[in-house]
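Report on the structure given below.
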Amino acid sequence: SAVGILMVFVQAVLLRIVLPKVGTRRAAIAGFTFGLVSFFGYAFATQGWMIYLFLVPGALQGFAGPALRGIMSNQVDASEQGELQGGLASIMSLTAILSPPFMTQVFGFFTSTDAPIYFPGAPFIAAAVLTTMALAVFLKATTTMPEKPDIPAPAG
């Protein structure tokens, strides 16, 4: 329940504050970075209580998704928004299908008696590697994007 509460807080409260102040590109970079921090934290946690330390950066990785969707939606015409959102939903569904068996296999391999090293945190390292690759692609694709905030602050 703590994870859910943190995620709701990030998406319902913090996004409204952070996106207008830092812009979508920086928010996405922050989300990727917080994700990396949480993945490495989970991977190397040696005590159960340590997981709780990484719940906050884990929730803050929630900046990435909305920022990325905002950047992508700004790149296509209004008439193509449905196609973009459908494509994004398809990709998210595909990853939701493929990720659990992949990560389960990684976990099983690194906790088996035949493992080169016993490392139950290996799936989180795999997630960190994939996140690093995504961040590298994002940085390359957005190098010409302005760093200034590109979302107006809410009126009020």
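We're numbering straight along the sequence, starting at 1. What you see is a predicted model; the values in this text were computed from it and never measured.
Annotation for M103: atom CE counts as buried by contact number, over 12 foreign heavy atoms lying within 6.0 Å. Surrounding CD of E80 are more than 12 heavy atoms belonging to other residues, nucleotides or ligands, all under 6.0 Å away.
Listed by chain and number, the residues in a ring-ring contact (aromatic ring centres under 6.0 Å, His included) with Y42 are F124 (sequence neighbours excluded). Remark: T104 engages no residue in a side-chain contact (heavy atoms from CB on, under 4.5 Å) (not counting sequence neighbours). Applying the side-chain contact (heavy atoms from CB on, under 4.5 Å) criterion to S73, with sequence neighbours excluded, gives Q81, L84, Q85. In this structure, the side-chain contact (heavy atoms from CB on, under 4.5 Å) partners of D114, at least two apart in sequence or on a different chain, are S112. Under the ring-ring contact (aromatic ring centres under 6.0 Å, His included) criterion, F119 pairs with F44, sequence neighbours left out. Listed by chain and residue number, F9, I17 satisfy the side-chain contact (heavy atoms from CB on, under 4.5 Å) test with V13 (two or more places apart in sequence, or in another chain).
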Solution key, residues 89-97 side-chain donor-acceptor pairs under 3.5 Å, sequence neighbours excluded:
| from | atom 1 | to | atom 2 | distance (Å) |
| --- | --- | --- | --- | --- |
| S90 | OG | G86 | O | 3.0 |
| S93 | OG | A89 | O | 3.0 |
| T95 | OG1 | I91 | O | 3.3 |
| T95 | OG1 | M92 | O | 2.9 |

Considering only distance and modelled atom types, tabulate donor-acceptor pairs under 3.5 Å from the side chains of residues 45-62, sequence neighbours left out.
| from | atom 1 | to | atom 2 | distance (Å) |
| --- | --- | --- | --- | --- |
| Q61 | NE2 | G58 | O | 3.4 |

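Applying the ring pair (Phe, Tyr, Trp, His ring centres under 6.0 Å) test to pairs two or more places apart or on separate chains, none has a residue in residues 60-87. Residues in residues 15-36 take part in these ring pair (Phe, Tyr, Trp, His ring centres under 6.0 Å) pairs, two or more places apart or across chains: F32-F138. Each ring pair (Phe, Tyr, Trp, His ring centres under 6.0 Å) pair with one or both residues in residues 84-118, not counting sequence neighbours, would appear here, but there are none.
A side chain to side chain contact (heavy atoms under 4.5 Å, CB included) with F39 is found for exactly one of T131, T132, L130, namely T131.
Distance CD1/I29 to CG/L135: 7.0 Å, rounded to 0.5 Å.
Under a hydrophobic clustering in which Ile, Leu, Val, Met, Phe, Trp and Tyr are joined whenever their side-chain heavy atoms come within less than 4.5 Å, directly or via other members, L6 and V3 fall into the same cluster.
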